[in-house]
Amino acid sequence: MSRDALVVGINTYDRLKCLNAPATDGEAIAQILQQYGEFRVTRLPAVKDKENETIRIGKQTKVSLTQLEKAIVQLFKPDGKPPDTALLYFSGHGLRKNLGIQEGFLAKSEVNPDAGNWGLSLQWLRRLLQESEVRQQIVILDCCYSGEVLNFAEADPGDRGKQK
């Protein structure tokens with residue numbers, strides 16, 4: 001059984017308050033997934049730890065929208081055979097745009113809502129997951145407005161799940 005994970009921990013932002021925990025939390029999750037879950041883990045942002053020559057999540061390294069999108073696409077729609085299980089963990093800022101319709105976003109480092117630069121759309125992520133051939137998809141979003149990835153109206157079974 002093949003298991004791939006993308007663990008994202010963004011501390012550094014240009015226009016939002018910088019955070020302290022995402023990179024540390026993400027690295028802890030990455031190590032647990034590797035050690036106990038037998039996942040192949042990709043870290044973002046990835047930096048080389050000079051002390052022990054290992055890759056870890058960078059605490060001060062920025063993440064661009066292009067980097068985030070490409071890494072998520074590689075996880076859920078890889079070239080070649082998809083993994084049996086794909087896990088996305090994101091820790092950082094989440095944003096909500098409420099202009100006509102409500103939209104949620106994962107904030108990347110250079111996010112600037114005042115200039116219309118919101119980050120990675122959770123609607124885009126939801127659509128990517130729907131189109132993915134990965135059988136078991138796990139998404140953990142440790143950020144504000146993470147529920148925007150779901151469409152609760154579509155998930156509601158209505159009368160179909162009720163006994164008469």
Side-chain angles (χ1 to χ4, degrees), residues 1-13 19 21-96 103-111 118-157 161:
M1 174 183 264
S2 60
R3 296 177 176 177
D4 290 348
L6 171 62
V7 178
V8 182
I10 304 176
N11 285 4
T12 304
Y13 293 90
L19 301 170
T24 302
D25 293 349
E27 185 56 35
I29 294 291
Q31 290 179 20
I32 289 169
L33 290 172
Q34 283 178 308
Q35 187 173 358
Y36 300 108
E38 299 177 6
F39 279 84
R40 278 188 318 225
V41 177
T42 300
R43 291 163 168 83
L44 191 63
V47 296
K48 192 170 195 172
D49 189 328
K50 293 174 183 166
E51 289 181 24
N52 57 16
E53 297 295 312
T54 60
I55 301 296
R56 63 172 172 77
I57 295 177
K59 293 182 179 181
Q60 298 176 347
T61 308
K62 293 181 180 181
V63 175
S64 72
L65 180 58
T66 302
Q67 288 173 307
L68 188 56
E69 285 175 330
K70 284 182 178 180
I72 293 173
V73 168
Q74 184 58 37
L75 177 66
F76 290 109
K77 291 182 87 172
D79 296 330
K81 186 175 187 267
D84 296 315
T85 301
L87 183 147
L88 168 63
Y89 174 87
F90 176 92
S91 182
H93 279 298
L95 300 172
R96 177 185 282 160
E103 295 178 85
F105 294 86
L106 301 179
K108 38 68 166 190
S109 296
E110 301 91 11
V111 71
W118 288 86
L120 186 129
S121 166
L122 289 175
Q123 289 180 355
W124 174 86
L125 176 60
R126 183 170 163 259
R127 193 159 165 220
L128 182 77
L129 294 169
Q130 290 171 331
E131 293 179 9
S132 173
E133 293 181 14
V134 175
R135 291 184 314 123
Q136 186 174 32
Q137 302 170 354
I138 303 166
V139 178
I140 303 167
L141 302 177
D142 184 7
C143 62
C144 292
Y145 309 113
S146 59
E148 300 292 329
V149 77
L150 300 174
N151 182 330
F152 290 104
E154 287 181 8
D156 182 0

Cationic N near anionic O, under 4.0 Å, R96 to E103: no
Heavy-atom side-chain contact between I140 and F90 under 4.5 Å: no
Heavy-atom closest contact (P22 atom, N11 atom, distance): CD-OD1, 3.1 Å
Gap separating the CH2 atom of W118 from the NZ atom of K108, nearest 0.5 angstrom: 12.0 Å
Test item: W124 and I72 side chains (from C-beta on) under 4.5 Å apart, heavy atoms: yes
E131 atom CD: more than 12 heavy-atom contacts under 6.0 Å: yes
Interatomic spacing from SG in C144 to CG in L106 - rounded to 0.5 Å: 11.5 Å
Intermediate values then yes/no, side-chain contact (heavy atoms from CB on, under 4.5 Å), I55 and D49: CA-CA 6 Å; I55 301 296; D49 189 328; over 6 Å; no
Approximate separation, where rounding is to 0.5 Å, of Q123 CD and L128 CG: 13.5 Å
Minimum side-chain heavy-atom gap L44-L6 below 4.5 Å: yes
Crowding at CG, N52 (>12 non-hydrogen neighbours, <6.0 Å): yes
Nearest heavy atoms of G58 and V47, plus distance in Å: CA-CG2, 3.6 Å
D84 side chain vs S2 backbone, donor-acceptor pair below 3.5 Å: yes
CG on L65 to CZ on F105, rounded to 0.5 Å: 10.0 Å
Q67 side chain to S64 backbone, donor-acceptor under 3.5 Å: yes
Between CG on residue D25 and CG on residue L19, distance to nearest 0.5 Å: 10.0 Å
T12 vs T61, side-chain contact (heavy atoms from CB on, under 4.5 Å): CA-CA, chis, key distance, verdict: CA-CA 7 Å; T12 304; T61 308; over 6 Å; no
Heavy-atom side-chain proximity of Y145 to C143 below 4.5 angstrom: no
Nearest heavy atoms of S146 and L141, plus distance in Å: CB-CB, 3.5 Å
CZ-CG distance between R40 and L87, expressed to the nearest 0.5 angstrom: 13.5 Å
E38 atom CD: more than 12 heavy-atom contacts under 6.0 Å: no
Side-chain donor/acceptor of S109 to backbone N/O of V63, under 3.5 Å: yes
Close side-chain approach of T85 to R135, heavy-atom, < 4.5 Å: no
Backbone of P83 reached by a side-chain donor or acceptor of D4 within 3.5 Å: no
Residues E110, K62; criterion salt bridge (Lys or Arg N to Asp or Glu O under 4.0 Å); working and verdict: CA-CA 8 Å; E110 301 91 11; K62 293 181 180 181; 5.4 Å; no
Polar side-chain atom of R56 near backbone of A46 as donor-acceptor pair, under 3.5 Å: no
Test item: Y13 side-chain N/O and H93 main-chain N/O as donor-acceptor pair under 3.5 Å: yes
Side chains of L129 and V139 in contact at under 4.5 Å (non-hydrogen atoms): yes
Within-4.5 Å side-chain heavy-atom neighbours: T42 and V7: no
Considering all heavy atoms, the nearest R126-V149 contact: CD-O, 2.6 Å
Nearest heavy atoms of V111 and G119, plus distance in Å: CG2-N, 4.1 Å
Short side-chain to backbone donor-acceptor contact, S132 and F76, under 3.5 Å: yes
Nearest atoms (heavy-atom pairs only) where A5 meets L33: CB-CD1, 3.9 Å
Under 3.5 Å: donor-acceptor pair, side chain of Q136, backbone of A86: no
Min side-chain heavy-atom separation L120-L125 under 4.5 Å: yes
